[in-house]
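Owing to the predicted nature of the structure, the values given are computational and were not obtained by experimental measurement.
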Amino acid sequence: MYEIKQIVGEDVLTRYNEIKIGINKAMEHSSGEWTAVEIVEHVIADPNLFQVWDILKDGTSIAISTTRVLHYGKFTALHIITLGGSDLYDEIPNLIVQFENTIKEHESIDALEYTGRRGFVKQLTTVGWVEKYTTMRKSLKENFDV
């Protein structure tokens, strides 16, 4: 059973070393677009736009994810910047469905987006995601195609 909790306030600072490890794990597959310090600075400065999430399985933290709210002309998406942890590949479909359910509670978010490892395309398409350019996107609203 997965549980996804947002890390907020002072917990972002007190758990920085753990958060940094999760971000850096995800960044191993990037081109250097972000650093852990930059993401955490944004989370602290503007928590309405940037967030950090703890992904737990059976009560144990297995991954850290970071997100950013993106306002497009006709919809708002929560963009997954990073998702890093240990041995996540086989967990991605179940984990992302739980994350979708968590975010659906926020009515202002119309869609989830993920830009990242091409290897996740195969995993995410099994749970309804669609590749758009190099970004995967999934609507969270019925009858709303983005």
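A search for side-chain contact (heavy atoms from CB on, under 4.5 Å) contacts involving Lys25 returns Glu28, not counting sequence neighbours. Residues forming a side-chain contact (heavy atoms from CB on, under 4.5 Å) with Glu107 (at least two apart in sequence, or on another chain): Lys141. Listed by chain and residue number, Thr67 satisfy the side chain to side chain donor-acceptor pair (under 3.5 Å) test with Gln51 (two or more places apart in sequence, or in another chain). In this structure Ser65 satisfies the side chain to side chain donor-acceptor pair (under 3.5 Å) test with no other residue, sequence neighbours excluded. Every residue two or more places apart in sequence or in another chain that forms a side chain to side chain donor-acceptor pair (under 3.5 Å) with Lys138 is listed here: Glu100. Judged as a ring-ring contact (aromatic ring centres under 6.0 Å, His included), and not counting sequence neighbours, the contacts of Trp34 are His42, Phe50. Residues that satisfy the side-chain contact (heavy atoms from CB on, under 4.5 Å) test with Ile44, not counting sequence neighbours, are Val12, Leu13, Val40. For Pro47, there are no side-chain contact (heavy atoms from CB on, under 4.5 Å) partners at least two apart in sequence or on another chain. Looking at residues two or more places apart in sequence or on another chain, you find a side chain to side chain donor-acceptor pair (under 3.5 Å) between Thr76 and His71. Scored by the ring-ring contact (aromatic ring centres under 6.0 Å, His included) test, Tyr16 finds no partners at all (sequence neighbours excluded).
Listed by first then second residue, pairs satisfying salt bridge (Lys or Arg N to Asp or Glu O under 4.0 Å) with a partner in residues 34-57 read Arg15-Asp54, Lys57-Glu91, not counting sequence neighbours.
Taken to the nearest 0.5 Å, the CD1 atom of Ile96 stands 6.5 Å off from the CG atom of Leu112. Between Thr102 atom OG1 and Leu78 atom CG the span is 11.0 Å, to the nearest 0.5 Å. Here Leu140 contributes atom CG and Phe99 contributes atom CZ; the two are 9.5 Å apart, rounded to the nearest 0.5 Å.
Note on Val37 and Ile21: separate hydrophobic clusters, where clusters join Ile, Leu, Val, Met, Phe, Trp and Tyr whose side-chain heavy atoms are under 4.5 Å apart, directly or indirectly. Hydrophobic clustering (ILVMFWY, side-chain heavy atoms < 4.5 Å, transitive): Val43 and Ile103 are in one cluster.
The two residues Pro93 and Val127 have their closest heavy-atom pair at CB-CG1, 3.7 Å. When all heavy atoms are compared, the tightest approach of Ile23 to Ala36 is CG2-CA, 3.7 Å. The heavy-atom pair separating Leu83 from Ala63 by the smallest distance is CD1-CB, 4.3 Å. Considering all non-hydrogen atoms of both residues, Ile55 and Ile64 come closest at CD1-C, 4.1 Å. Minimum heavy-atom separation, Ile39 to Met27: CD1-CE, 3.9 Å.
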Give the table of side-chain donor-acceptor pairs shorter than 3.5 Å for residues 3-11, with sequence neighbours excluded, one pair per line with atom names and distance.
none

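Counting heavy atoms from C-beta outward, Leu95 and Ile62 have side chains that approach closer than 4.5 Å.
For the pair Arg68 and Tyr114, the cation-pi test (distance below 6.0 Å, angle within 45°) is failed.
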